[in-house]
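Reviewing the structure listed below.
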Protein chains: 2
Amino acid sequence: MKDPNNPVCQTITGLLQRIGDKWSVLVVETLGGGSLRFNELRRAIPSVSQRMLTLTLRNLERDGLVSRTVTPSIPPRVDYELTELGQSLTKPICGLVQWSMDNVGAIHAAQARYDEGQDEAAAA
Amino acid sequence: MKDPNNPVCQTITGLLQRIGDKWSVLVVETLGGGSLRFNELRRAIPSVSQRMLTLTLRNLERDGLVSRTVTPSIPPRVDYELTELGQSLTKPICGLVQWSMDNVGAIHAAQARYDEGQDEAAAA
DNA sequence: CCGAATCCTGAATGATACTG
DNA sequence: CAGTATCATTCAGGATTCGG
């Protein structure tokens, strides 16, 4: 179960890393509202750079979580949408986000306590 | 909700990153079975380096997810244990891990399809 | 036994400019 | 509009060594 050579574990680790990266969760949640074009996504997440949005979408697409639909017109049009797999992932993700929001206070308090202990240790 | 200056969002992002880092989830799951000493953890997760285990534990401790109990004896003894907060986090994490295991096949298939498409594009 | 300090490498991120 | 290419920077992670 903890064998790093086990391909299942590698896949789980990969997914966790994707979730841990800076934009994937935000993009998935944003697409949870429905299909969006590239620049609509950019506007919905103002702090993401064009490059990182592209890379994030490519990774999500590779994992089968997001579908990419190109309409060859002028100007070009590319729509991104959660796949069924992507939709199903939003449930556990929401569980995690919900937990975070429920426990933001406790986490901040713990961090403050910890940092205070570090301060007095540094002062000694 | 997506404002990067919102402290709640920063906390959520921080938690997601912790989850995405290479060892935190593994440590939390391992400690789910009960209190363990430092080297017991190392043996339970053979691939982790001493340094990364120390850092991971410090981060988890700072967030209030893990408690660290020092028994000043010779040799020294340090026990790590999930706090109540840490215990409660295992539920959403398990949801995520469960989802991964349920969908490993679909993810692999999607990746294979994607990579194949990339290959033929590269061959053109 | 537990951990801190140091050094090093690769990957993630970001700013900027260019293209069909 | 929707990218790709390039460059610079930062940081996580790992190997090694030393200390209490």
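It should be emphasised that the depicted structure is a prediction, and the values quoted were computed from it without experimental measurement. Below, each value reflects all heavy atoms present in this structure, side chains not excepted, and no hydrogens, waters or symmetry copies. Order of the sequence lines sets the chain letters (A, B, ...), proteins ahead of strands, with each chain counted from 1.
- Rounding to whole angstrom units, CG of residue B:Leu16 and C1' of D:dA12 are separated by 17 Å.
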Check: residues 66-74 of chain A side-chain donor-acceptor pairs under 3.5 Å, at least two apart:
| residue | atom | partner | partner atom | Å |
| --- | --- | --- | --- | --- |
| A:Ser67 | OG | A:Glu81 | O | 3.4 |
| A:Arg68 | NE | A:Tyr80 | OH | 3.2 |
| A:Ser73 | OG | A:Thr71 | O | 3.4 |
| A:Ser73 | OG | A:Pro75 | O | 2.9 |

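- Contact check on B:Arg113 versus B:Asp115 returns no salt bridge, with no Lys/Arg side-chain nitrogen under 4.0 Å from an Asp/Glu carboxylate oxygen.
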Under 4.0 Å protein heavy-atom contacts per nucleotide of nucleotides 5-20 of chain C, with B for base, S for backbone only and - for none
-B------BBB-B--B

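- Rounding to whole angstrom units, CG of residue A:Leu57 and C1' of D:dC1 are separated by 14 Å.
- For the side chain to side chain contact (heavy atoms under 4.5 Å, CB included) criterion with A:Ser24, the lone passing option out of A:Val27, A:Asp21, A:Leu26 is A:Asp21.
- Residue B:Leu65 is grouped with residue A:Val97 when hydrophobic side chains (ILVMFWY) are merged at heavy-atom distances under 4.5 angstrom, including chains of intermediate members.
- The side chain of A:Arg37 approaches D:dA2 more closely than any other nucleotide in the set D:dG3, C:dG3, D:dA2.
- Distance CG (A:Leu53) to P (D:dA2): 10 Å, rounded to an integer number of Å.
- Within the model, atoms CG of B:Leu60 and CG of B:Leu31 stand 8.0 Å from one another, a figure rounded to the nearest 0.5 Å.
- The phosphate of D:dG3 has OP1 or OP2 within less than 4.0 Å of a side-chain N or O from A:Arg68.
- Rounded to an integer number of Å, the gap from CZ of B:Arg77 to P of C:dG3 is 13 Å.
- Spacing between atom CZ of A:Phe38 and atom C1' of D:dG3 amounts to 6 Å, rounded to whole angstrom units.
- With hydrophobic clusters built from ILVMFWY side chains whose heavy atoms lie under 4.5 angstrom apart, A:Leu82 shares a cluster with A:Val78.
- The CZ atom of A:Arg42 sits 10 Å away from the C1' atom of D:dA2 (whole-angstrom rounding).
- Residue-level contact check: A:Arg58 touches the backbone only, with heavy atoms under 4.0 Å from sugar-phosphate atoms and none from bases.
- Contact check, A:Tyr80 against D:dG3: a side-chain N or O comes under 4.0 Å of OP1 or OP2.
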